[in-house]
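One-based numbering, in listed order, for ligands and for the atoms of each. We count residues from 1, following the sequence as given.
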Amino acid sequence: MVRKLRSLSWFDSREYYSFARRSTLRAQGLTRAATEGKPVIGICNTASDLNPCNRHLTQVSEAVKRGVWAAGGFPCEFPVISLGEMFLKPSAMLYRNLMSMDVEEMIRANPLDAVVLLGGCDKTIPALLMGAASANVPAIVVPGGPMLSGTFRGKTLGSGTDGRKHFDLFRSGKLTDDDMEELECSIARSSGSCMVMGTASSMALVTEALGMSLPGAAAWPAVDARRYAIAEQSGTRAVAMATHGPTPREVMTRPAFHNAITALMAAGASTNAVVHLLAIAGRLGISLSLDDFEAISSKSPLLLDLKPHGQYLMEDFAYAGGAETLLQNLLPLLEGDAITVSGTTLQAQLATHNAHEQSVIRSIPNALDSDGGIKVLRGNLSPNGALIKTSAASAHLLTSRGRAIVFESKDEMLEKVNDESFHVEEDNVLVLRNAGPHGGPGFPEWGQIPLPKSLMLRGISDVVRISDARMSGTSYGTVVLHISPEAAIGGPLGAVQNGDWIELNVPNRTIQLDLSPATIEARLAALPPRKPHYDRGYGSLFLQHVEQAHLGCDFDFLKYKDQ
Ligand code: FES
């Protein structure tokens with residue numbers, strides 16, 4: 001069915017404002033022939049000097065424009081808030097929902113017939129998808145792509161993952177200031193997002209599996225010519241989508257979420273993608289819960305050998321065939337009939353992909369592990385759920401019991417872990433609280449509590465760590481995250497005291513504080529009242545409306561409503 005262009009109601013009437021709007025196009029030197037009756041394709045750009053991972057999207061946008069003009073459309077680039085993971089305090093996550101509102105409102109309020117969404121750094125693709133889902137104007141995502149692999153003294157390095165490992169060597173005196181300066185110049189060699197299977201790469205992969213980007217869009221490096229070719233093709237495709245769809249609601253269906261979660265698990269990807277997928281589904285009225293992730297994880301073999309759990313990087317993934325090869329290998333587990341932005345089914349789209357011999361992306365019979373590596377834990381410490389990424393954890397700690405050492409804040413945690421005299425045993429359980437959506441505030445990535453210096457000096461490389469925070473997708477270790485409800489709103493994590501026994505049993509999917517319900521309740525009742533972090537502005541809106549981790553941390557008023 002051919003859809004009427006939305007933009008006609010802005011430009012094609014006999015009322016005064018249509019004339020006035022057209023005159024502003026003439027003011028740009030655009031002739032009637034260049035614009036009249038053409039689909040207006042928005043290019044929603046998150047390029048920003050404050051977001052180095054997305055800075056090159058200005059060039060990507062030029063390639064999209066080329067594709068739009070060539071297909072007979074009229075491209076209009078517009079900026080939205082950009083969230084740079086490295087610069088924003090206290091956490092880019094505090095602003096994901098704000099950015100999604102910017103995206104939604106700018107798409108809806110402007111004369112756009114379709115939109116190309118340019119994102120990359122962790123929160124930008126989730127916010128683009130959330131906003132596009134709510135606006136429901138045909139949309140296609142072009143991820144910015146990962147950086148080139150890092151190289152340092154003959155070794156290949158992955159951002160975040162190897163950065164943290166080398167920083168721990170620096171903390172324990174094995175690397176000097178000069179070494180670190182050389183490393184600083186070697187680990188981030190080009191524009192683009194972190195090049196391990198961190199959150200940015202996970203969201204690019206999930207987007208392709210959801211059907212919201214063209215085949216091959218997830219993995220090509222930011223500087224690879226093929227990324228610019230996909231950008232051009234996406235611009236061309238958006239022109240066709242303006243009149244023929246599909247819309248985000250037609251693409252992001254429940255089967256599409258099944259495909260996205262299967263790909264996420266097969267990639268051993270970021271725990272953050274769980275929160276973002278829950279939020280995107282919430283914008284579409286699709287019922288999705290942590291139980292869906294657990295169920296799909298248990299049936300999805302781990303196929304990608306990428307850091308942080310494996311050995312390769314995103315560049316290797318791209319050269320090995322990228323998301324197309326991964327999805328092709330996963331096809332027996334996927335909903336192949338799901339429609340994608342290419343206008344065909346996922347199965348039809350994958351049928352033309354020629355996979356070749358390589359060792360980065362495994363086949364199902366040759367899987368690295370039998371399941372996807374993200375597990376949902378429940379118990380009296382996390383009644384609404386918590387996550388652990390077992391693919392990046394130490395096997396010997398997955399069933400363990402230890403006494404708690406509690407940190408009330410990030411500052412206390414950093415002070416103690418860096419103090420050589422801070423006494424910790426390898427079977428202690430490190431607990432960080434007040435780091436969730438309310439507590440952080442903004443659900444920061446503090447969950448990979450750094451190993452205490454005293455343990456590192458003894459050669460111990462992992463201990464059980466639990467928190468109501470998130471962790472970077474580039475992180476690793478036996479880390480229990482996203483405990484819900486969080487301590488700051490009265491969750492049971494607030495009741496833990498130093499010396500309490502905590503039992504982690506991943507095979508049974510439990511995390512348990514060894515105290516009676518009455519004791520937990522009495523301790524929580526005795527806690528002093530908390531002062532909120534904000535009493536005005538966006539921060540105050542965030543605290544009033546943000547939901548907990550197991551629901552995706554969206555604002556309650558942004559959820560899908562049948563109108
Ligand atoms: Fe932007 Fe990692 S800091 S993707």
Do you know which of V64, I140, V116 makes side-chain contact (heavy atoms from CB on, under 4.5 Å) with I41?
V116
Tell me whether R55 at atom CZ has more than 12 heavy atoms from other residues, nucleotides or ligands lying less than 6.0 Å away.
no
N259 and T262 side chains, donor-acceptor separation under 3.5 Å
no
Would one find more than 12 heavy atoms of other residues, nucleotides or ligands at under 6.0 Å from atom CD of E415?
no
Whether K165 engages the ring of Y476 as a cation-pi pair (distance to the six-membered ring centre under 6.0 angstrom, angle to the ring normal within 45°) should be assessed.
yes
So if I only count non-hydrogen atoms and take anything under 4.0 Å from ligand 1, which residues does that give, chain by chain?
C53, E85, M86, C121, D122, S193, C194, A200
Table please: side-chain donor-acceptor pairs of residues 130-139 below 3.5 Å, with sequence neighbours left out.
from, atom 1, to, atom 2, distance (Å)
S134, OG, M130, O, 3.3
S134, OG, R283, NH1, 3.0
N136, OD1, T247, OG1, 3.3
N136, OD1, R249, N, 2.9

